[in-house]
Structure formats: C-alpha cells, structure tokens
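Have a look at the structure below, then the notes.
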Amino acid sequence: MEKLKRPVYLKPGTDDFFKMLQQEVKETVLKNSSLYQINILKSLGLLVLFFLFYSCVLLFGNNTPLLFIFYILCGITMIVLFINAFHDAAHGALFKKPKHNELFTYSLELFGSNHWLWIRRHIGLHHAFTNIPDWDVDLKQSDIVRIFPTSPLFNYHKYQHIYMWFIYPFYSLNWIYIRDFKDFFGKKDNYVKKVVDKIPKKEIYLLFTAKALNLFYLLFIPMILLKQPWYFVLGAWFAMHLSASVVGVIALVSTHVDEDAHFPVTDENGNLSATWARHQMIVTKDFSTDSKLANFLYGGFTHHVAHHLFPGVGHTFYPYITPIIRRYAEVYNLPYTSYPFYHAVRSHFRMLKNNGVKENILKTGEI
C-alpha cells in the first residue's frame, strides 16, 4: 500500500490557549494524588470483578438463566475494563512507572486481542490524526459503513442507518476474529502499516496464542465442565460478546461521528488549517459528563475532549479538567459540545443516513 504524506498541523503561536490550559491543569487538578489512587483501585477492582463473574459461570452455570446472566456480566465488565483501565494503561496514564503500564496492557490478550497492535492503531493513528480521512483507523474500518464523506459511496450505504443497528452488536467479534488479522496480514487499505514498517514476529505468535487462550478459557472450559448442552454455552458466549459490543459502541459513536462531525482534509501540501489542540476541540465531543454512572462505565470517553487534550492523564482526573476546558472554550471562542448519550447515538445514525446518499449541493460545512 502506498504511503501517504503525513498531515501537518498549524504551529501554535505564543498566545496559544493550550499552553495556558496545560499550565492551569498542572497547577490545580493534577496535584490531587487521590484521583490517581482511585484510578488504580478501580482498574484492579474491574479486573478482579471480571474473573469473579467468570468463576460464577463455572460455579453456577448449570442453571441456564445464571449461565447467561454471568456471561453477560463478563461481557459488560470486559468492555468497561477495556474502556477504563486498559485504555489508561495504553496511554501510560494508569501507573506512574511505564513498565507497570506496559504489563497491564497485556490484559487485552486475556480478551483475545493484541495490545501492541491496538496501541499503534489507536495512539499512532487515531490520536495523532483524529477524524482525518485515510488516517484515523478507528473511524475507517470497513466499506460496510461510510463514515468519511470522502469515502467511496456504494448503493447499499443508503440503508446503513438501518442495518448498522444489527451489525454494531457484533463489533467485538469482528474486532477479535477478523479485524486483528486484517491489520496484521491484510494488504488492501492497511492503515496500520503507515506507522509500522515491520510487525515483530513475537507479536504474530502472541496474536494466535491470545486468541486460542481466550477461546479455551471462556468457551471450551465451560463446555467441558458444565453439564449444559454445548450450544447453550455457545449461545451464552455470544450473548457475552453482544452485550460487550453494545456497551462499547455507545462510546465509539458518541465522541467523533455525529451529524455535525468535522472531517478535515489537508491542502495539496499536506497541511491542516488548525493547531493540534484546536483540531482536537473541533473533532471531539463529550457525552453525559454529569452522569456518575456514565463516568464510571465509560471513563475517558464521557470527558473525551479532556482525554484528547490530555491523553497521558488518567480518566479520574477528567471530570475536574472538563470545567476548565469549557471556560477556555468560551474565552477563546473554541468549539465544545457535550450531549446526553442518547442524543449522541441518535445523531450518529442521522449522520449515517446523511452519508449514505449523494451529498446535497446545498449542504455546507468543513469537509
């Protein structure tokens, strides 16, 4: 695949808002060490909770309703652990020592994926080039759904706002058993290889090992130990992935891809029209920031603007950083948006409907 020229952000001036914002956050919020300790306790607690629910599958799984309930709780806990603890560790924001963060990222292998690949996909592409066509791999994953207005338009896209309701629940299955292999071995539109020249062999071995281990302990061991028919266990395992996907997709669609989303493109020289920090304010949105339940479940995704501006800071700090960002947005006339999650999800599907047809010549906006 031909390597494209990397987008270049506008250089910040001496009066750039982000320099002053960073200083204020450092002098106020980041000095609260208790928020760091809460993050560690929450993260380790979620890891213990996942294996507690898994143990309940083995202990009480001969009761069919309990089999499904505890598998579903495993799925929800798995994705909440990923969104909160693993996500922070991958950004080096969970523990103070890098080696401890790196060690915790191996928790993704427990769920069948590959932490090395995910970090390069998410940090090397999504955070570096958020919402930029041909670069943000977290948004551009498949031709099945058309997110970028610059992507090819196929006839079936006119129905994407309908059929994606039925495809999104299979997100985790696609991620673990299809997308990972495409990013490791695929040649067509392999965006990961824009930032990786060569994939280490040990990661390829680890990829297959993690998937085999995941299937063994989450599917085959319950099939062997429980007196349930194998297809009941398989059905409960599917329910686990469906529940994980539904919870996870809410975070994915609520932060960058609503009907008012911007997808900036570069000029002929590869330059963008905004600084990196202003770009993050333009293309990122918050959701349900005042909900304690949403903040617990979704961590750095509810306060997603704070996360994109301060990716190296743990998510427990974000509720205290967001009010400062809002104030700077008012003073410097910067875009800032926060929706309830149901509004964000509804707006995402309206965007799918709009992007599924030829662009209206009366439509305006930054494309």
Under 6.0 Å between ring centres: does that hold for Tyr54 and Tyr217? yes
Would the Phe68 and Phe238 ring centres measure less than 6.0 Å apart?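 Not close enough - the centres of the two rings lie 6.0 Å or further apart.
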Contact check, side chains of [X] and [Y], non-hydrogen atoms, under 4.5 Å:
| X | Y | result |
| --- | --- | --- |
| Pro222 | Leu58 | yes |
| Leu66 | Cys56 | no |
| Asn131 | His262 | no |
| Phe154 | His157 | yes |
| Tyr318 | Leu309 | no |
| Tyr336 | Glu330 | no |
| Met240 | Phe53 | no |
| Leu207 | Phe185 | yes |

Which pairs pass ring pair (Phe, Tyr, Trp, His ring centres under 6.0 Å) with one or both residues in residues 24-52, sequence neighbours excluded?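 Sorted result for residues 24-52: Phe50-Phe111.
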For residues [X] and [Y], report the shortest heavy-atom separation together with the two atoms involved.
| X | Y | answer |
| --- | --- | --- |
| Asn39 | Ala93 | ND2-O, 4.0 Å |
| Ile147 | His348 | CD1-CE1, 4.1 Å |
| Pro133 | Thr150 | CB-OG1, 3.3 Å |
| Thr105 | Ile119 | CG2-CD1, 4.3 Å |
| Ser113 | Asp180 | OG-OD2, 2.9 Å |
| Thr130 | Val283 | CG2-CG2, 3.6 Å |

List in chain and number order the residues that pass side-chain contact (heavy atoms from CB on, under 4.5 Å) with Tyr332, two or more places apart in sequence or in another chain; answer none if no residue qualifies.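 Per chain and number, Tyr332 pairs via side-chain contact (heavy atoms from CB on, under 4.5 Å) with Phe17, Met20, Tyr328, Leu334.
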My understanding is that only residues two or more places apart in sequence, or in another chain, count here; which of them pass side chain to side chain donor-acceptor pair (under 3.5 Å) with His127?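 In terms of side chain to side chain donor-acceptor pair (under 3.5 Å), with neighbours along the sequence ignored, His127 is linked to His91, His122, His307.
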Which residues pass the side chain to side chain donor-acceptor pair (under 3.5 Å) test with Thr275, not counting sequence neighbours? none
Given 3.5 Å as the limit, does a donor-acceptor pair link the side chain of [X] with the main chain of [Y], or not?
| X | Y | result |
| --- | --- | --- |
| Asn269 | Asn271 | no |
| Lys211 | Tyr177 | no |
| Gln160 | Arg146 | yes |
| Asp88 | Gly314 | no |
| Thr302 | Gly299 | yes |
| Asp286 | Val305 | yes |

Taking atom types as modelled, find out whether Ser172 and Ser245 have a side-chain donor-acceptor pair closer than 3.5 angstrom. yes
Checking His303 against Asn295: is there a side-chain donor and acceptor pair closer than 3.5 Å?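 Yes, because at least one side-chain N or O of Asn295 sits under 3.5 Å from a partner of the opposite role on His303.
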Surrounding [atom1] of [X] (heavy atoms of other residues, nucleotides or ligands, distance under 6.0 Å), is the total greater than 12?
| X | atom1 | answer |
| --- | --- | --- |
| Tyr342 | OH | no |
| Tyr159 | OH | no |
| Leu225 | CG | yes |
| Asp267 | CG | yes |
| Lys26 | NZ | no |

With clusters built from Ile, Leu, Val, Met, Phe, Trp and Tyr whose side-chain heavy atoms come within less than 4.5 Å, directly or transitively, what are the remaining members of the cluster of Leu206, listed by chain and number? Tyr106
Steps toward side chain to side chain donor-acceptor pair (under 3.5 Å) verdict (Asn84, His315): CA-CA 7 Å; Asn84 289 267; His315 74 270; 3.2 Å; yes
Where does the angle between the aromatic ring planes of Phe82 and His87 fall among parallel (under 30°), tilted (30 to 60°) and perpendicular (over 60°)? tilted
Measure the acute angle between the ring planes of His304 and Phe301, then classify it against the limits of 30° and 60° as parallel, tilted or perpendicular.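 His304 vs Phe301 ring planes: parallel.
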Start with the C-alpha distance between Thr316 and Gln37, add both sets of side-chain angles, then the distance that settles side chain to side chain contact (heavy atoms under 4.5 Å, CB included), and finish with yes or no. CA-CA 9 Å; Thr316 48; Gln37 295 164 354; over 6 Å; no
Could you walk me through whether Leu226 and Phe232 pass the side chain to side chain contact (heavy atoms under 4.5 Å, CB included) test, one step at a time? CA-CA 10 Å; Leu226 299 178; Phe232 275 21; over 6 Å; no
Which residue is it: Lys285, Arg350, Lys353? I am looking for the one with a salt bridge (Lys or Arg N to Asp or Glu O under 4.0 Å) to Glu259.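 That would be Arg350; it is the only one of Lys285, Arg350, Lys353 passing the salt bridge (Lys or Arg N to Asp or Glu O under 4.0 Å) with Glu259.
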Start with the C-alpha gap between Arg278 and Tyr9, add the side-chain angles, then the distance that decides, and say whether side chain to side chain contact (heavy atoms under 4.5 Å, CB included) holds. CA-CA 10 Å; Arg278 187 178 182 87; Tyr9 292 100; over 6 Å; no
What pairs with Phe148 under ring-ring contact (aromatic ring centres under 6.0 Å, His included), at least two apart in sequence or on another chain?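 Here the qualifying residues are Phe263.
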For the pair Trp116 and Arg120, evaluate side chain to side chain contact (heavy atoms under 4.5 Å, CB included) and give the outcome as yes or no after the intermediate values. CA-CA 7 Å; Trp116 180 90; Arg120 277 139 190 86; 3.0 Å; yes
